[in-house]
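Worksheet for the structure shown next.
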There are 2 protein chains.
Amino acid sequence: MSLRYAVLGLLARRPSTGYELTRTFDRSLRSSWQARHSQIYPELAKLEAADLVEVVGQGARRSKTYAITPAGRAELRRWLVEAEPDRSQRSESGLRLFLTPLLDPADRQVTYERDLAHVEQELAVLKEVHAGMEGATESEVFARQIELGIRVHTVMRGWLQEQIKASSHTGRG
Amino acid sequence: MSLRYAVLGLLARRPSTGYELTRTFDRSLRSSWQARHSQIYPELAKLEAADLVEVVGQGARRSKTYAITPAGRAELRRWLVEAEPDRSQRSESGLRLFLTPLLDPADRQVTYERDLAHVEQELAVLKEVHAGMEGATESEVFARQIELGIRVHTVMRGWLQEQIKASSHTGRG
DNA sequence: AGTACCATGTAAGCCGTTACATGATTCT
DNA sequence: AGAATCATGTAACGGCTTACATGGTACT
């Protein structure tokens, strides 16, 4: 049921069309919850039927702009604060990491190096986003979330560098 | 297609019955890839048909013990080393964190405190597992993975404590 | 006129969860 | 004898991805 609240949450930030939501899912929620337009449009229709969102304007190209209703805001808050979170995750990267001990040191190093490149790229993106938020008081809470991302990725980078160093001792000359 | 490799990977660690795999998914892969027995038994049948696993024994209660074949090992290694990882994740917790800036400081603090309790519990489990691995040379690589988990959770704990302190200044007396 | 992008929808198929169903062995 | 646990399977349903389908607007 998370899609429902992801859409509701994005509309609580600002009214949007389905097309805009699709891009926002790809830009901002890529790392935790993905959704394609083929899922978003039917979900908007369901939310509208439940009076949790409403159409507030129609633009060019027959686009419809949706906004969250007071009932939608209440439902979103209820979910965030009162509903028990589902802590389960689905992460292929986590599975891969879990299985790396099966590889011999040389193969393992290949995967660690690939992961390191990815983590460093993510870190660069996060730092850029963070730098572009200086002084924006309104998004202070959001800026702190970026800081968490930076800290977590920094820890992962350090760990990967240690593993690469360790496996280059053992597995190679 | 990750389920296939998760099963293959667990059988590369040791031969198991479907029932044992079900428990291993719940114990060891809970945090990255879940699977129920209703998914595991059909997958074992498919893997057997593809000669990636084979039945190596039948025990009491008509149980079948599966083992990975050489072809299965090759396919697993190929996936781990050569296939491009799918970095996408599906995490309700990530979505919730992304949406917390929408809450007022008092509500936000409630969610941070709930998360902190969870992170502390995870940390305790990880530290216990890590302590129970002293000197087991064979699982050295696995022990280092637990260390990564401990470091990441420690960073999250510190961050959550900071947020709670900050929101108790602003949102309350 | 053609290409690129904006914009919305539906349909088929795969994957995963929940529920249904059955039977064997062990423990009390 | 009854309960708990071991052990394996199938069926129904829901969520998500990929593919199909259509049309509007802007730019060159």
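In what follows, chains are A, B, ... by sequence order, proteins preceding strands, each numbered from 1. Worth saying up front: this structure is predicted, and the values here are computed from it rather than measured.
Between A/Ala35 and A/Ala60, the residue anchored closer to the 5' end of DNA chain D is A/Ala35, taking for each the nucleotide with the nearest heavy atom.
No side-chain donor-acceptor contact under 3.5 Å links B/Glu48 to the backbone of B/Val53. Side-chain atoms of B/Thr65 do not come within 3.5 Å of backbone N or O of B/Ser63 as any donor-acceptor pair. Looking only at distances, a side-chain donor or acceptor of A/Ser168 sits under 3.5 Å from a matching main-chain atom of A/Lys165.
Between B/Arg61 and D/dG9 there is no side-chain N or O to OP1 or OP2 distance below 4.0 Å. Close to C/dG9, at under 4.0 Å from its OP1 or OP2, lies no side-chain N or O of A/Tyr41. Checking the phosphate oxygens (OP1, OP2) of C/dT18, a side-chain nitrogen or oxygen of B/Arg36 falls inside 4.0 Å. The phosphate of D/dT8 (OP1 or OP2) has no side-chain N or O of B/Tyr19 nearer than 4.0 angstrom.
Regarding A/Gln39, its CD atom lies at a distance of 15 Å from the C1' atom of C/dA11, rounded to whole Å. Across the protein-nucleic acid pair, B/Asp26 atom CG and D/dC6 atom P stand 13 Å apart, rounded to whole Å. Computed from coordinates, the A/Glu92 CD to D/dT17 C1' distance equals 15 Å when rounded to whole Å. Rounded to a whole Å, the CD1 atom of B/Ile40 is 12 Å from the C1' atom of C/dG16. Distance A/His37 NE2 to C/dA11 C1': 12 Å, rounded to the nearest Å. Put simply, CD on B/Gln34 is 15 Å from C1' on D/dG15, counting in whole angstrom units. Rounding to whole angstrom units, CD of residue B/Gln58 and P of D/dA7 are separated by 13 Å. Rounded to whole angstrom, the span from the CZ atom of A/Arg62 across to the C1' atom of D/dG23 amounts to 5 Å.
If you check distances only, the side chain of B/Ser38 does reach the base of C/dT18 with a donor-acceptor pair under 3.5 Å.
Judged by the 6.0 Å distance and 45° axis criteria, B/Arg96 is positioned over the aromatic ring of A/Trp79.
Under the 4.5 Å side-chain heavy-atom criterion for Ile, Leu, Val, Met, Phe, Trp and Tyr, A/Val56 and A/Leu44 are members of distinct hydrophobic clusters.
Counting any heavy atom pair closer than 4.0 Å across all strands shown, A/Arg23 reaches no nucleic acid atom.
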